> 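I'd like to ask some things about the structure below.
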Amino acid sequence: MMAQSRKIGLVGLPYDANSSFMPGPRLAPARIREALHSTSWNLTTERGVDLGACGWTDHGDLRLEEMTATDARDAIEAKIAEIIDRGGSVMALGGDHSVSFPSIKAHAERYPGLNVLHLDAHPDLYHSLLDNPLSHASPFARAMETGLVKRLVQVGIRTLNAHQTAQAEKFGVEIVTMADFGADTRIAFDGPVYLSLDLDVLDPAFAPGVSHFEPGGLSSREVIRIIHGFKGKLVGADVVELNPYRDPIGMTAAVAGKMVKELMGRMTEDGALQATAAAGLPETGRNQA
Ligand code: MN
Ligand code: MN
């Protein structure tokens, strides 16, 4: 049977009650959309995919603000599952990093042998932080506990402590620390890949609009090279941890928008993978820019 292309489904996950240090990321989806639709640039990716011509479906923002952490987790998982089951490839806009656990779980249950590529200054492997197992510092511990993730590869890490080193060993996490990252770093997977981009993987010089400044990070170019260059099929992604309170001129929102563009382009290039029968999505949300 001929492989059918999956349509990209954009969804905003405005939740930051699981942030340990400061609020703000709940305001991010609107800022990223604004950057994405800005007339200051066009919608053709660096590799020549015209997202304006492809179109995507914008599912809007989930109403998560008043929810408890467990209700928000369940609502996110249900929405992501629905988008995939209707034939979409998910591009999620966080939110703090806690939104990635339910998104990864929904993907892992639908894409057997799912790999996760996680770009972050932090490994986010805490068993629990501040008595919160759904903390934005814990999503990858929860994801690995499902037993459904084939490989978790983390890149850009520069905050490993003893507890998280032990957690990484327990779960078999493969870590490319920032100190080890270089031009010769190769990232390769067999099969479907979910990419989770925490904007604080970038050096604060490139992306100052985040809650946790961690100097010594990746450049914008290095992140783009990773998005374009890893081996495997990108089936879903999220961009998280933009904090608009720390982004008064929208500079980091533009970085987020740029990465969303390149991720959607990569998903379009990899779009032949079919996990479930595509029911088709309504032709709404087509970008006119
Ligand atoms: Mn993170
Ligand atoms: Mn981080």
Side-chain angles (χ1 to χ4, degrees), residues 16 18-25 28 31-32 35 46 94-100 116-126 129-130 135-141 143 151-169 171 173-188 195-230 237-260 262-263:
D16 64 9
N18 289 314
S19 295
S20 58
F21 183 60
M22 56 162 56
R31 297 283 81 79
I32 299 174
E46 292 195 10
D96 69 36
H97 217 155
S98 68
V99 305
S100 297
V116 176
L117 175 55
H118 168 209
L119 312 185
D120 202 326
H122 314 92
D124 293 349
L125 287 167
Y126 279 95
L129 189 71
L130 306 175
S135 167
H136 72 153
S138 301
F140 295 91
R151 288 174 65 206
L152 170 59
V153 175
Q154 302 184 322
V155 179
I157 306 300
R158 51 193 187 276
T159 58
L160 266 172
N161 60 10
H163 168 65
Q164 294 196 91
T165 301
Q167 289 281 89
E169 282 166 12
F171 295 124
V173 182
E174 301 164 59
I175 298 180
V176 180
T177 65
M178 198 59 228
D180 288 338
F181 179 85
D184 59 344
T185 300
R186 295 282 173 270
I187 305 164
L195 193 153
S196 184
L197 171 59
D198 180 330
L199 291 164
D200 66 31
V201 75
L202 288 135
D203 191 277
F206 294 89
V210 296
S211 301
H212 299 262
F213 298 151
E214 195 63 46
L218 293 171
S219 68
S220 301
R221 177 52 48 193
E222 286 168 328
V223 172
I224 293 166
R225 279 208 188 106
I226 292 170
I227 292 170
H228 291 166
F230 74 84
D238 61 57
V239 172
V240 299
E241 295 285 345
L242 169 67
N243 189 332
Y245 290 134
R246 286 189 152 179
D247 192 32
I249 62 166
M251 191 175 152
T252 305
V255 174
K258 169 88 179 179
M259 299 312 169
V260 166
E262 296 304 322
L263 284 165

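Please read these numbers as outputs of a predicted model, since none were measured by experiment.
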> Return the orientation label for the Phe21 and His212 ring planes: parallel under 30°, perpendicular over 60°, tilted otherwise.
tilted

> Side-chain contact test, heavy atoms from C-beta onward, threshold under 4.5 Å: evaluate it for Arg31 versus Asp247 and give yes or no.
no

> Looking at Val201 and Arg158, what are the two nearest heavy atoms and their distance?
O-NH1, 3.2 Å

> Just wondering, do Leu195 and Phe230 contact through their side chains at under 4.5 Å, heavy atoms?
yes

> Got a second to check how far Thr252's OG1 is from Ile32's CD1, nearest 0.5 Å?
10.5 Å

> Once side chain to side chain donor-acceptor pair (under 3.5 Å) is applied, do any residues pair with His228, and if so which ones, sequence neighbours excluded?
Glu262

> With rounding to the nearest 0.5 Å, note down the distance linking CG in Leu152 to CG in Leu125.
6.5 Å

> Please examine the side chains of Phe181 and Val155, heavy atoms only from C-beta on, and report whether any two atoms are closer than 4.5 Å.
yes

> Run through Ser20, Ser98, Ser100, Ser211 and flag the one making a side chain to side chain donor-acceptor pair (under 3.5 Å) with His136.
Ser20

> Locate the shortest heavy-atom distance separating Ser219 from Phe206; write the atom from each residue and the value.
CB-CZ, 3.4 Å

> Would you say the side-chain atoms of Asp203 pair up with the backbone N or O of Gly216, donor to acceptor, closer than 3.5 Å?
yes

> To the nearest 0.5 Å, tell me how far Asp238 CG sits from Leu197 CG.
8.0 Å

> Given Asn243, which of Pro23, Ser19, Pro25 fulfils the side-chain contact (heavy atoms from CB on, under 4.5 Å) condition?
Pro25

> I'd like to check His163 versus Tyr126 (side-chain heavy atoms, cut-off strictly below 4.5 Å). Are they in contact?
yes

> Under a 4.5 Å cut-off applied to non-hydrogen side-chain atoms, are Pro123 and Leu160 in contact?
yes

> What pair of heavy atoms forms the shortest contact from Gly209 to Leu242, and how long is it?
O-CD1, 3.5 Å

> Side-chain contact, heavy-atom cut-off 4.5 Å: Asp120 with Glu241?
no

> Give me the atom names and distance for the closest heavy-atom approach of Ala28 to Gly94.
CB-O, 3.4 Å

> Which atom pair, heavy atoms only, marks the closest approach of Met259 to Ser220?
CE-O, 3.6 Å

> Please check: side-chain N/O of Thr177 versus main-chain N/O of Asp180, any donor-acceptor pairing under 3.5 Å?
yes

> Can you confirm whether Ile224 sits close enough to Lys258 that some side-chain heavy atom of one is under 4.5 Å from a side-chain heavy atom of the other?
yes

> How long is the straight-line distance from CG of Asp124 back to CZ of Phe140, given to the nearest 0.5 Å?
6.0 Å

> Who are the side chain to side chain donor-acceptor pair (under 3.5 Å) partners of Arg221, not counting sequence neighbours?
Glu46

> Please report the interatomic distance CD1(Ile226) to CD1(Ile187), rounded to the nearest 0.5 Å.
4.5 Å

> Applying side-chain contact (heavy atoms from CB on, under 4.5 Å) to Tyr245 and Met22, what does each step give before you reach the verdict?
CA-CA 10 Å; Tyr245 290 134; Met22 56 162 56; 5.8 Å; no

> Of the non-hydrogen atoms in Ser135 and Leu129, which two are nearest, and what is the gap between them?
OG-CB, 3.7 Å

> Rounded to the nearest 0.5 Å, how far apart are CG of Asp200 and OG1 of Thr159?
8.0 Å

